[in-house]
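The structure appears below as structure tokens.
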Amino acid sequence: MATLKAMTHADLTDLLGKAMLDADLRAKLASEPATTLESLGFEPNKSSVQFFQLLQKNGFDHAASQVTTTKTHDPIKLAGDM
Amino acid sequence: MRARRVGFAAPPFSALSYPSIGLSLLKAALHRRGIASDIHYLYLRFADRIGAVAHDLIVSSETYHALVGEWIFAPFIDETPRPGWDTDLSYFTDVFAAEYPDHFTHQRVHAFMLARTHAEAFLEACMTEVDWSAYGIIGFTTSFQQNTAALALARRIKRRHPETLIVFGGANCRGEMGVELLRQFEFIDVVCTDESDITFPAFAEEWLDGAEPPYLPGLLRRGSPHAETLAPSLVRDMDALPYPDFSDFFTQHAVSDVARRYYPPVALFETSRGCWWGEKHHCTFCGINGLSMAFRSKSPERAFAEIATLARDHGTDLVNVDAILDHRYFTTLLPMLAELPEALTVYYELKSNLRPEHFPLLAAAGITKIQPGIESLDSGILAMMNKGVTRLQNAQTLKLAAEYGLYVEWNLLRGFPGETTAQYRDMLSAMRQLIHLQAPSAFWPVRADRFSPYFNNPAAYGIRVEPNAAYSHIYKFSPGATRALAYHFQIVSDAPGPSGTVLSEVAAACAAWSERPVDAGLTMADDGETIEISDRRPGWPAATHGIGGIEAKILRDCWRIVSVRALSAAYGLEVVQAAVTRLEPLGLLMVEAGNVLCLALRNTRGTAPDWQAIRDRTITAPVWPDPPAVAPAPKPAFATASPPSSGHALPGSHPPLAPPHRERAVSLPAEG
């Protein structure tokens, strides 16, 4: 079994960015965060699991909590579905 | 040999439309002494890295007390970031999601995380893109969410340029906070713990000339030979201040990719310091004036010259930074501004006990955006916070602001020790009546800022104050040191407060108020005989009320707050009581403590105008016949019946709603 690594902020940023473009990944992280994180090679510690559970309360699985903006010119594309 | 030039850093995060007025004043003051300086607006540079949306989310007032901007740069204030800093999610689970559960969304988190992943590279870029070795002194301004970025950069500069003097100033350095900064961060050489308009330039001149600076009050120096104190060095003669030099800001704003697209630059101006109200009655939660409550203001001539010069040099959008408007300006400065050939758009903070005659003066002077500190629509809660106004006065402010085309920036605050469910039930009724007027921006819990009465004497209010939860995720010091660095505190009380149900209802009512239909108005049309009131407010039956006779006269007189006693002197108590009894349930009158206010607007719009209409100056003056003026009648006691005296209106009738007169050109005096 491969060694699991602690999820860094950079990993989480990358994961959230991917999840915003991938409804299936969002749904898995929302419904089964521990299993999904483990399958991605991250330690499913209590804090990271709780983090996704809290996100789910605001509709993470169906990306319902989008920020609306007219400021479309951004050096960083924040979210693929924004 | 010390480089005889001063560098200033304005670190992330700050509003991208605004320069730093503190640094801009110091730049001008140094210039008077022949010392050149440069202000580096690093918050513009960071915004260019992370983009407008992420920046907006970080600085959003909706989630301000989570201090996410401070969290972003927190790991980098240490020489080596603490182990585990980049895997720790406890800030999100324990602070942000706990404090703002409805705002804990993946897009926000993604934005915050992206900003943090850029923080260290940004700091390194600041080191290479600016030649810090050119400066003998480098001054950092830090207010609100600028502390950790300032500390992180200052450490790096000091390590690379140990000969350079590092000076900190700004609101985060006031009093005990400044002492603690000097104690905890060895790379800081000097802290300005209060106003430094006089002391910093004097210090800089001596230091850059290689001399030993003398003792300067409020300026703490590591290893100083003097016995230093926190005694503030207040500016007594406000006219002696220079005009702020915003040249660096406008130059850097023009090349900021994000700022120039989305955040039009404005010039800031200052006409006073301290608070004349706070000198007598300190609002219980307010700490904005720090240790310098003493009110001081510029002469109207000096204030006018500065405003006119800034408008000429930078455009006509101006934002004032005073805590409160000098009430003497209504008869001095404001008429002068009204005579300017080009209309200004000015933002001012003032007190909500405005008199009716003040509104046309504000409008004519171009002061079209005001923050009157409304805070609540319950007189009991307003008394708890020592505001010195009533619900009726706040309602009058909202109403007359709408009539005169003024945008009112205001919030509702909750969480005052001793407030009750009944007070919020009562407030819901008031909100329903006022829904055609400017909506509150938010319904927030009150905080006990440092220097506020709640902070200074919590036992007197039966409360405890604790640093915001975010601070323990920002600074890794002892609880005592963290408390000494903190500015924002939360109120902890064992007393029962209002029910969660009623608070949820108020929050929902605020949201509904903000989203009311554009035509949700309460309008009155008056042909001199009959008044026709059109009611299109949500929550009220759509209706048109025709009102004549004495009721119409009473309604006319109630365009401003008027006492039932005064109305009774003119029309008779029974008549007045009958009218109030009929009109109040229709939501046309607001009645409180023997005073009455008509809520219908005397213009065709019937609702508070939006900002675009105000900017376009499309607010038209209503046609409103002048009622005959009469001498004040003898005032009988409220409960005493008095004979009717029909045909008389009350003294103090409304001022004309004429557009401002703008013909005379004004020549600008040179800076003194």
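The sequence lines fix the lettering, A, B, ..., with proteins before strands; numbering per chain opens at 1.
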*Roughly how far apart are B:Asp88 CG and A:Ser48 OG, rounded to 0.5 Å?*
11.5 Å
*Are A:Met7 and B:Leu89 side-chain neighbours, meaning at least one heavy-atom pair lies under 4.5 Å?*
yes
*Are there residues of residues 60-82 of chain B that reach to under 4.5 Å of chain A by heavy atoms, and which ones?*
B:Trp71
_Side chain proximity check, A:Phe60 to B:Phe104, heavy atoms < 4.5 angstrom_ = no
*Check each atom of B:Tyr91 against the heavy atoms of chain A and say whether the ones under 4.5 Å are side chain, backbone, both or neither.*
neither
*Residue A:Lys28 excluded, over 12 heavy atoms near NZ under 6.0 Å*: no
*The single option from A:Leu54, A:Leu55, A:Thr13 passing side chain to side chain contact (heavy atoms under 4.5 Å, CB included) against B:Val109*: A:Leu55
*Between atom CZ of A:Phe51 and atom NE2 of B:His106, what is the distance when rounded to the nearest 0.5 Å?*
11.0 Å
*Checking B:Thr117 against chain A: side chain, backbone, both or neither under 4.5 Å from a heavy atom?*
side chain
_For the CG atom of A:Leu12 and the CZ atom of B:Phe112, what is their distance to the nearest 0.5 Å?_
12.5 Å
*salt bridge (Lys or Arg N to Asp or Glu O under 4.0 Å) involving B:Lys476 - partner list, sequence neighbours excluded*: none
*Within residues 508-518 of chain B or reaching into it, pairs that qualify as side-chain hydrogen bond (donor to acceptor under 3.5 Å, both in side chains) - sequence neighbours excluded*: none
_Rounded to the nearest 0.5 Å, what separates atom OG in B:Ser90 from atom NZ in A:Lys46?_
12.0 Å
*According to the salt bridge (Lys or Arg N to Asp or Glu O under 4.0 Å) rule, which pairs have a member within residues 113-125 of chain B, sequence neighbours left out?*
B:Glu124-B:Arg156, B:Glu124-B:Arg160
*Residue pair A:Met20 / B:His110: nearest heavy atoms and the distance that separates them*: CE-CB, 3.5 Å
*Atom pair CG (B:Asp86) and NE2 (A:His9), whose distance is rounded to the nearest 0.5 Å*: 6.5 Å
